[in-house]
Number of protein chains: 2
Amino acid sequence: MKGHEPGRITIGEAARLTGVSAKMIRYYESIGLLPAPIRAESGYRTYGAADLHTLRFVRRARDLGFSMEAIGDLLALWRDRSRSSAQVKAIALDHVAALRRRIAELEGMAGTLSDLAERCCGDERPDCPILDDLAERPDAGTSPRP
Amino acid sequence: MKGHEPGRITIGEAARLTGVSAKMIRYYESIGLLPAPIRAESGYRTYGAADLHTLRFVRRARDLGFSMEAIGDLLALWRDRSRSSAQVKAIALDHVAALRRRIAELEGMAGTLSDLAERCCGDERPDCPILDDLAERPDAGTSPRP
DNA sequence: CCTTGACCTTCCCATCATGGGAAGCCCCAC
DNA sequence: GTGGGGCTTCCCATGATGGGAAGGTCAAGG
């Protein structure tokens, strides 16, 4: 079917051109994130320029860590000419806040753990403040003690 | 069976005392992270003081973001009197490095996205640099442009 | 003694985004 | 017409967790 319906390509080519795997393209279709594409007579999915544009959009949104749900919302706004930029901004800022919360969590862990590692001599002897802490610490704070 | 084998408690009490859910205790047992506990005649799992100690260890390691696999290694070292602290420190430092890599990724996302959001006026008009970027950005870098 | 309610057991299913793989059809080049 | 690679669908797995059903057990109270 290649080059038979003009300019429409197969899923594998779409995957190569957009950086979204063929598996994922089918998955996004199955969860309703992407519309079902036109099929060739063979049953093969065929994608046109607009579809590739959408796939790249999804790919970039994933690279920014958006959830599938948020990407669905962003796609809908993208297609909606009467959207307000405030709606888009709200989704983006929510996500930034979630990212910053997650970063703070991970920094707590990394801080605690590198404090402990610093106090561990790391030689052939068994004594180790890291294990002592895991075994004895009264409770589960992840922030480095002040 | 409570108070019948001395000092041994049920899974629900162990969960309450350690902050690890009963579901998770069974799961950890099923994947071989924890040894199978002594069963009462009824078939109920019973836990003693040493088991609680282990459960708290696991809980704290999870709070620090260690994977199950790493926790298995840490538990083995904890029980091994002939361990070297260097082994423990290596696991901890690997994890710190992984945490810092992840933090850098998330910061890249948050940075890019808050840059974009800052340039989005966020009013009732549809024009939005965030959507423009998702739709047009040449490729998927997540670092804020320098 | 029997009921009630809380607790335990096992087993299965769902999440989220992704990959792996099998069985079978299709297309193109030789 | 044959071979190889690409496409289809369908099922399974991940990691760590929760939800829930069906059925056994225990302790307290009538």
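Note that this is a predicted model, so its numbers are computed, not measured. Scope of the values below: all heavy atoms of this structure, side chains included, with no hydrogens, waters or symmetry mates.
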| For B:Tyr47 and C:dT9, what is the distance between atoms OH and C1' respectively, to the nearest whole Å? | 12 Å

| What is the distance from CD1 of A:Ile11 to C1' of D:dC7, rounded to the nearest Å? | 9 Å

| field | A:Ser42 side-chain N/O to D:dT8 phosphate OP1/OP2 under 4.0 Å | value | no

| said: Quick check for you: to the nearest 0.5 Å, what is the distance between A:Leu134 atom CG and B:Phe57 atom CZ? | reply: 4.5 Å

| query | Looking at CZ of A:Phe66 and CG of B:Leu113, how far apart are the two atoms once the value is rounded to the nearest 0.5 Å? | reply | 4.5 Å

| Distance check: side-chain N/O of B:Thr10 vs OP1/OP2 of C:dC8, anything under 4.0 Å? | yes

| field | B:Arg8 CZ - C:dC8 P separation (whole Å) | value | 15 Å

| request: With sequence neighbours excluded, tell me which residues meet salt bridge (Lys or Arg N to Asp or Glu O under 4.0 Å) with A:Arg83. | output: none

| task | Indicate yes or no for a side-chain donor-acceptor contact from B:Ser85 to the backbone of A:Asp123 under 3.5 Å, with no hydrogens or angles considered. | result | yes

| Among residues 65-77 of chain B, which contact DNA chain D at a heavy-atom distance under 4.0 Å? | B:Ser67, B:Met68

| query | Phosphate oxygens OP1/OP2 of D:dT9: is one of them under 4.0 Å from a side-chain N or O of A:Arg39? | reply | yes

| request: Quick one: pull up CD in A:Glu107 and CD1 in B:Ile103 and give me the separation to the nearest 0.5 Å. | output: 5.0 Å

| Does D:dT9 have OP1 or OP2 sitting under 4.0 Å from an N or O in the side chain of A:Arg45? | yes

| Does the pair A:Thr54 and A:Arg79 meet the rule for a side chain to side chain donor-acceptor pair (under 3.5 Å), with working shown? | CA-CA 10 Å; A:Thr54 305; A:Arg79 295 194 263 244; 4.5 Å; no

| message | I need the CD-C1' distance between A:Glu13 and D:dG5, as an integer number of Å. | response | 13 Å

| task | Look up atom CZ in A:Arg45 and atom CD1 in A:Ile38, then write down how far apart they are to the nearest 0.5 Å. | result | 13.5 Å

| message | Are B:Met68 and B:Arg62 packed together at the side-chain level, in the sense that at least one heavy-atom pair is separated by less than 4.5 angstrom? | response | yes

| task | List in numerical order all residues of residues 15-36 of chain B for which some heavy atom is under 4.0 Å away from an atom belonging to DNA chain C. | result | B:Lys23, B:Arg26

| Do A:Leu52 and A:Ile9 have side chains that get closer than 4.5 Å, going by heavy atoms? | yes

